[in-house]
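Here is the structure we will look at, set down as structure tokens.
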Number of protein chains: 2
Amino acid sequence: MTPKKPKSENSIVDIAKALGISPATVSRALNNNLRISEATRARVKEMAKEMGYRHNSMASSLRNRRSNIIGLIVPRISMYFHVFFITSLQRQLQAAGYNLMICQSNDSVSVEKELANTLYSARVDALVVSLTLYTENIAHFDGFLRQGIPLVFYDRVPTRRTEAYVIKGDDYRGGLLAGNHLIQAGCQRIAYISGPLSCSIYQERTRGFVDSLAKHHIPLRQEWIYYHELTAENAWDSLRKLFEGDIIPDGLFAANDTTAIAAVAFARERGIAIPDELKIVGYSNDPRAAIITPAITSIEQYPNDMADKVAETLINALQHRHTPSPNTIGEPLICPVDLVRRMTT
Amino acid sequence: MTPKKPKSENSIVDIAKALGISPATVSRALNNNLRISEATRARVKEMAKEMGYRHNSMASSLRNRRSNIIGLIVPRISMYFHVFFITSLQRQLQAAGYNLMICQSNDSVSVEKELANTLYSARVDALVVSLTLYTENIAHFDGFLRQGIPLVFYDRVPTRRTEAYVIKGDDYRGGLLAGNHLIQAGCQRIAYISGPLSCSIYQERTRGFVDSLAKHHIPLRQEWIYYHELTAENAWDSLRKLFEGDIIPDGLFAANDTTAIAAVAFARERGIAIPDELKIVGYSNDPRAAIITPAITSIEQYPNDMADKVAETLINALQHRHTPSPNTIGEPLICPVDLVRRMTT
DNA sequence: TTGTAAGCGTTATCAT
DNA sequence: ATGATAACGCTTACAA
């Protein structure tokens, strides 16, 4: 009986044996180490191909104490803004030699916690997070900070101060722009449908919007303000209530485009003329806002630019891991937004 | 000088030392191994928490020869169908203890190849792939098959026979339904805008569509058929050509909804009445198809159901890794589709 | 129920 | 330029 070892797969040791050289040399050759002769490098690579060798990143990661994986926790990949953000971020990280592990919290705080723990154990080299609508306590990310693992929050960021990097859109200005635009378009009775105030972006949009109305001495009726998850269903509920009284709004700021789209559909069903009887501003500049009739005025957030900032921050932090320059942290980085005017205003 | 080891982080060995027991016991306790006393299990877990221990999945993966990571290569996450598919698949795999590593080929064959190699080296436990528009040679996935790593193609699958699992929508039937529906709606001059025939789904949709017209003795004019990437820009180009002659189509089958949406916009600009002068059927039942005016008739593909099938196949294959039952492979699994009628027909 | 010891595959360090 | 060796942290026969 031949003592045939079941040898599942060839390792650098096997290559070394086959070539009569040491595993260290093989490793160096495969990693294009400088001080290895061209000749052996070539021999090694050829033998590797011949033997069907594949690099084992688990072993390599264990030895190097780095996984080359970057974790991403995002509320939902179905949101337009995040899709564009992710695509751009992934391209850049890929180019820098990192893999992105994309996870969805589905706007559940408990899922977010689980994912944070999983990615923590998985030894991701860095973590990028956009929080759920309801995350107020961010203690589940503390481990990353303690271990000096780069942690970047973007878009939906913590509402309290943190040692992590923070990169966000200028939601305050977005709210301000929306309010100003509706007022300049002649609206006097402006309604507002916002997401929950536990979430940074809605806090900020609300602040900006409220400031705008105050500045122009436009009254803000509490009965015309709604805070809830910005789904089409919720939007319809709120719209029904908004339009059931005698005094009805002539302007609406919807804190996302799903809500703005629902408002357009609602107005059509009720025979409310847009923009004559009701003007609408949405948020995010979802592609749907442009194709619907009438096309919706919205706030553009430039997801690609934000992805650039995040990628830059990440790569910088990963390179200088030994000098955790805390001076670059602290102040949130704020990305510009713009109002895109269309047919609803 | 105190010989203070720089001990970066605590391992099970440290816990063992602190407790005066062996690392093996600690490992077993943390893994809830059956034959460990309740008492020590509790002691270990407490000490682990106290010492801020975190599991090292790199080490664990190396030892176990499994990463618990499943790779996914998808053309673009911006496509509605894939977003829903991914979300559903990820939820199920997460529940089964796997992490999903989502990558985008961006419809580039070379990127697809790179990603396949990266995920191969990353030692993913399985790979799920929807091919680019242009992937005809699938040799870059051969390594997975050779190593017995479960490989599942879904939606855009290889056009040639493969040993991998294949799960696809019933695109032939989708094309058939679209053709039949337009004909029953009274169309006589039907145009067709398809994706490139290098891609399985467009091959099949075309076959079904062609068969439908043949069966009903409706002529198929070659000048009314276009094959190209289904972007809005390309759609406009083709539509312009379609409507520049004397004889113009009264029906259009668009092989995706982006194209159908472009057709609606084109018709509006040209003052072509829909559905009276032109009837349109799209594909995928993109949510945009429902909100545009007029709402577009489309083919629903049930991405969640396909994700269920893929998850089931994967988990099954991963459990029986030692019995690579080849009988379950071979025949593609075909998922049903339905026509959703709206205002464009 | 717990301990001992070897090994997963790679790479950094030190030596030659 | 190359080799020998140890170690990364965990798991699992095998022993006790």
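Chain naming here is simple, since letters A, B, ... match the order of the sequence lines and numbering starts at 1 in each.
In this structure, the CZ atom of B/Arg66 is 12 Å from the P atom of D/dT11, given to the nearest Å. Atom CG in A/Asn68 sits roughly 15 Å away from atom P in C/dT10 (whole-Å rounding). As rounded to whole Å, 15 Å separates atom C1' of D/dT12 from atom CG of B/Leu30. The distance between atom CZ of B/Arg28 and atom C1' of D/dT12, rounded to the nearest whole Å, is 8 Å. Protein atom CG of B/Asn10 is 15 Å distant from nucleotide atom C1' of D/dC10, rounded to whole Å. The distance from atom CG of A/Leu34 to atom P of C/dT11 is 15 Å, rounded to the nearest whole Å. Atom P of nucleotide C/dT2 and atom CD1 of B/Ile12 are separated by 15 Å, given to the nearest angstrom.
Side-chain N/O atoms of A/Arg123 and base N/O atoms of D/dG9 include no donor-acceptor pair closer than 3.5 Å. For A/Arg63 and C/dT11, a side-chain-to-base donor-acceptor distance below 3.5 Å is present, hydrogens and geometry of angles not being considered.
Inspection of the B/Ser105 and B/Ser108 side chains reveals no N or O donor paired with an N or O acceptor under 3.5 Å. Between the side chains of A/Asn137 and A/Lys113, no donor-acceptor pair is found at a separation under 3.5 Å. For the residue pair B/Arg54 / B/Asn56, no side-chain donor-acceptor distance below 3.5 Å is found, with atom types taken as modelled.
The B/Leu62 side chain lies nearest to C/dC8 when the options are C/dT10, C/dC8, C/dT4. You'll find that the side chain of A/Asn56 is closest to C/dT10, out of D/dG9, D/dT2, C/dT10.
Contact check on B/Asp308 versus B/Arg91 returns no salt bridge, with no Lys/Arg side-chain nitrogen under 4.0 Å from an Asp/Glu carboxylate oxygen. Salt bridge annotation for B/Arg41-B/Glu38: present, with a cationic side-chain nitrogen under 4.0 angstrom from a carboxylate oxygen. Looking at B/Glu9 and A/Arg123, a side-chain N of the basic residue comes within less than 4.0 Å of a carboxylate O on the acidic one, giving a salt bridge.
Put simply, A/Ser27 has a side-chain N or O that comes within less than 4.0 Å of OP1 or OP2 on C/dT11. Here B/Arg65 reaches the OP1 or OP2 of C/dG9: one of its side-chain N or O atoms lies under 4.0 Å away. Side-chain nitrogen and oxygen atoms of A/Arg54 include none within less than 4.0 Å of the OP1 or OP2 phosphate oxygen of C/dG9. Residue A/Thr40 has a polar side-chain atom (N or O) positioned under 4.0 Å from OP1 or OP2 of D/dT2. Between A/Ser37 and D/dT2, a side-chain N or O to OP1/OP2 separation shorter than 4.0 Å is present. Under 4.0 angstrom from either OP1 or OP2 of D/dT11 there lies at least one side-chain N or O belonging to B/Ser60. Distances shown here put a side-chain N or O of A/Asn31 below 4.0 Å from the OP1 or OP2 atom of C/dT11. Side-chain N/O atoms of A/Asn64 include one lying less than 4.0 angstrom from OP1 or OP2 on C/dA12. A/Ser22 has a side-chain polar atom (N or O) that falls below the 4.0 Å cut-off from OP1 or OP2 of D/dG3.
Using a 4.0 Å heavy-atom cutoff across all strands shown, A/Ile36 reaches sugar-phosphate atoms only and no base atom.
Residue order along DNA chain C, read from the 5' end via each residue's closest nucleotide, puts B/Ala24 first among B/Ala24 and B/Ala59. Residues A/Thr25 and B/Ser57 both approach DNA chain D. Their nearest nucleotides, taken by heavy-atom distance, put A/Thr25 toward the 5′ side.
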